[in-house]
Protein chains: 2
Amino acid sequence: MRDEDWATATAILRLASELVEGIQSGLAERGYDDVRPAHGFAFVRLSAVPATTAQLAEYLGITKQATSELVHHLIARGYLARRPDPSDRRAQLLVLTDRGRACTRAAEQAAAETVDSWRNRLSTEQFAELQSALHAIARPGRLRPAW
Amino acid sequence: MRDEDWATATAILRLASELVEGIQSGLAERGYDDVRPAHGFAFVRLSAVPATTAQLAEYLGITKQATSELVHHLIARGYLARRPDPSDRRAQLLVLTDRGRACTRAAEQAAAETVDSWRNRLSTEQFAELQSALHAIARPGRLRPAW
DNA sequence: CCATTTAGACAGGGAACTTGACCATATGGT
DNA sequence: ACCATATGGTCAAGTTCCCTGTCTAAATGG
């Protein structure tokens, strides 16, 4: 039973690793070779609702300073833009540019390709059961770098 | 369909993140607060068969130099020991000490606790199906840090 | 109106990784 | 047996990404 649990744990780690590598190489193939996994988590947060640097830092679980540098990088590369925050003259809202949205879509496509390869390793019923089980146990909330 | 795949991908990432955090906090509770996730992957490799620094570097996917520093750290903390390689006087085989084995067991226990919490979110049949599906699609081979 | 908080940036430092150079030992062709 | 080349491991220097500490400008709340 314990051995089974460890095998399950390592399977999750292997799949996560395979997924991240698939997204990274898929992005590179599509011309996005200047984004890191951490940037993807920022895109996920910002594609839902614009956020300030401080809110993004809270979401990513890193300091404002590190987030500030990450944001500078993404703005310099054309993935993000600043907009004034109407309710706070100190703050600036971060929004995805067209390029940022295109990169996000490319990442989702690359992820879907990896998931597709998983689908092909199982029967249709098995894959459907896997999907529903994963969705049932995965906790909602922040999607952050694992370590 | 594509949305489903993305949801599946994020579920895997969330579970991997939850698992790694669970292992790290479980290890800290048991007194192993000086090991990082990357060290765990080294333990996994070395608990099977002893390896040289260069072989460990190949397994972890990092340079020999970075591996050398990691090994120094683990030896200084009592997790690893060197043994002469009978077939190559330049090389030294790395083996887990008692402490290293105890730490590995503690990590497996902490991982099992997290997997147990997943088991409790599903029916017995659903969890069994999840396990078999994960084992079916996870590729064997190196277990490396995801990113 | 002033004390405190908060958004964001700047400076300095550390941890973990890289590339490049190096020595000692192995290995393989002649 | 010998020498050219490859390999195990380390040292040195530089990069990246993160941290803590500090600061200014603007917001917030007695």
Side-chain angles (χ1 to χ4, degrees), chain A residues 17 20-21 24 28 33-43 45-46 49-77 79-95 142 144-147, chain B residues 17 20-21 24 27-28 32-43 45-46 49-77 79-95 142 144-147:
Chain A
S17 181
V20 171
E21 284 174 17
Q24 284 301 111
D33 58 349
D34 53 359
V35 282
R36 293 182 289 117
H39 300 149
F41 295 102
F43 289 171
R45 169 65 182 81
L46 297 176
V49 177
T52 64
T53 297
Q55 289 168 339
L56 185 57
E58 158 69 18
Y59 180 86
L60 295 175
I62 60 177
T63 59
K64 286 192 302 179
Q65 293 88 329
T67 306
S68 179
E69 195 188 22
L70 183 150
V71 165
H72 277 302
H73 178 88
L74 292 177
I75 289 177
R77 313 273 172 152
Y79 294 103
L80 296 185
R82 299 182 194 276
R83 296 178 136 277
D85 184 333
S87 68
D88 190 334
R89 262 184 298 171
R90 294 170 305 177
Q92 293 194 296
L93 291 175
L94 303 168
V95 296
R142 295 179 299 184
R144 297 193 317 169
W147 55 84
Chain B
S17 180
V20 171
E21 285 174 16
Q24 284 300 110
L27 283 176
Y32 302 101
D33 58 350
D34 53 0
V35 283
R36 294 183 289 115
H39 299 151
F41 295 103
F43 290 171
R45 170 65 182 82
L46 297 177
V49 177
T52 64
T53 298
Q55 289 168 339
L56 186 56
E58 158 69 18
Y59 181 86
L60 296 175
I62 60 178
T63 59
K64 285 190 303 180
Q65 295 87 327
T67 306
S68 179
E69 197 189 22
L70 182 150
V71 165
H72 277 302
H73 177 88
L74 292 177
I75 289 176
R77 313 271 171 151
Y79 293 104
L80 296 186
R82 299 182 193 276
R83 294 178 137 276
D85 184 334
S87 69
D88 190 334
R89 262 184 299 170
R90 295 170 302 177
Q92 293 196 293
L93 291 175
L94 303 168
V95 297
R142 294 180 301 184
R144 298 193 317 168
W147 58 84

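Residue numbers start from 1 in every chain, and the chains themselves are labelled A, B, ... in the order their sequence lines are given, proteins ahead of strands.
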Let me check something: any side-chain donor-acceptor pairs from residues 53-66 of chain A under 3.5 Å, sequence neighbours excluded? List them with distances.
from	atom 1	to	atom 2	distance (Å)
A:Gln55	OE1	A:Thr52	N	3.0
A:Tyr59	OH	A:Leu143	N	3.0
A:Thr63	OG1	A:Ala66	N	3.2

(Q) For a side-chain contact (heavy atoms from CB on, under 4.5 Å) check, start with the C-alpha distance between B:His73 and B:Glu69, then their side-chain angles and the critical distance, and finish with the verdict. (A) CA-CA 6 Å; B:His73 177 88; B:Glu69 197 189 22; over 6 Å; no
Q) Does a side-chain N or O from B:Ser68 land closer than 4.0 Å to OP1 or OP2 of D:dT10, or not? A)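 So the side chain of B:Ser68 is within the cut-off, an N or O lying under 4.0 Å from OP1 or OP2 of D:dT10.
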Show each protein N/O and nucleotides 11-17 of chain C N/O combination with a separation under 3.5 Å, one pair to a line.
from	atom 1	to	atom 2	distance (Å)
C:dA16	OP1	B:Arg36	NE	2.7

Q. Between the side chain of A:Arg45 and the main-chain N/O of A:Val49, is any donor-acceptor distance below 3.5 Å?
A.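 At least one qualifying donor-acceptor pair exists.
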Nearest-0.5 Å distance, [atom1] of residue [X] to [atom2] of residue [Y]:
X       : Y       : atom1 : atom2 : value
B:Thr67 : B:His72 : OG1   : NE2   : 11.0 Å
B:Leu74 : B:Leu94 : CG    : CG    : 9.5 Å
B:Gln92 : B:Asp85 : CD    : CG    : 9.0 Å
A:Leu46 : A:His39 : CG    : NE2   : 12.0 Å

Between [X] ([atom1]) and [N] ([atom2]), how many Å, whole number?
X       : N      : atom1 : atom2 : result
A:Gln92 : C:dA7  : CD    : P     : 14 Å
B:Arg89 : D:dT10 : CZ    : P     : 18 Å
B:Asp88 : C:dG28 : CG    : P     : 12 Å
B:Leu80 : D:dG9  : CG    : P     : 13 Å
A:Gln55 : C:dG8  : CD    : C1'   : 13 Å
A:His72 : D:dC17 : NE2   : C1'   : 15 Å
A:Glu58 : C:dG8  : CD    : P     : 14 Å

Q: Over all heavy atoms of both residues, which pair between A:Gln24 and A:Val35 is shortest? Give the atoms and the distance, please.
A: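 Heavy-atom minimum between the residues: NE2-O, 3.3 Å.
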Q) To the side chain of B:Ala54, which of C:dA9, C:dA7, D:dG9 is closest? A)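 Closest of the options to the side chain of B:Ala54: D:dG9.
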Q: For the pair B:Tyr32 and B:Tyr79, name the ring-plane relationship: parallel under 30°, tilted 30 to 60°, perpendicular over 60°.
A: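 Tilted, since the angle between the ring planes falls between 30° and 60°.
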What does the list of N/O pairs under 3.5 Å between the protein and nucleotides 3-5 of chain D look like, with a distance for each?
none

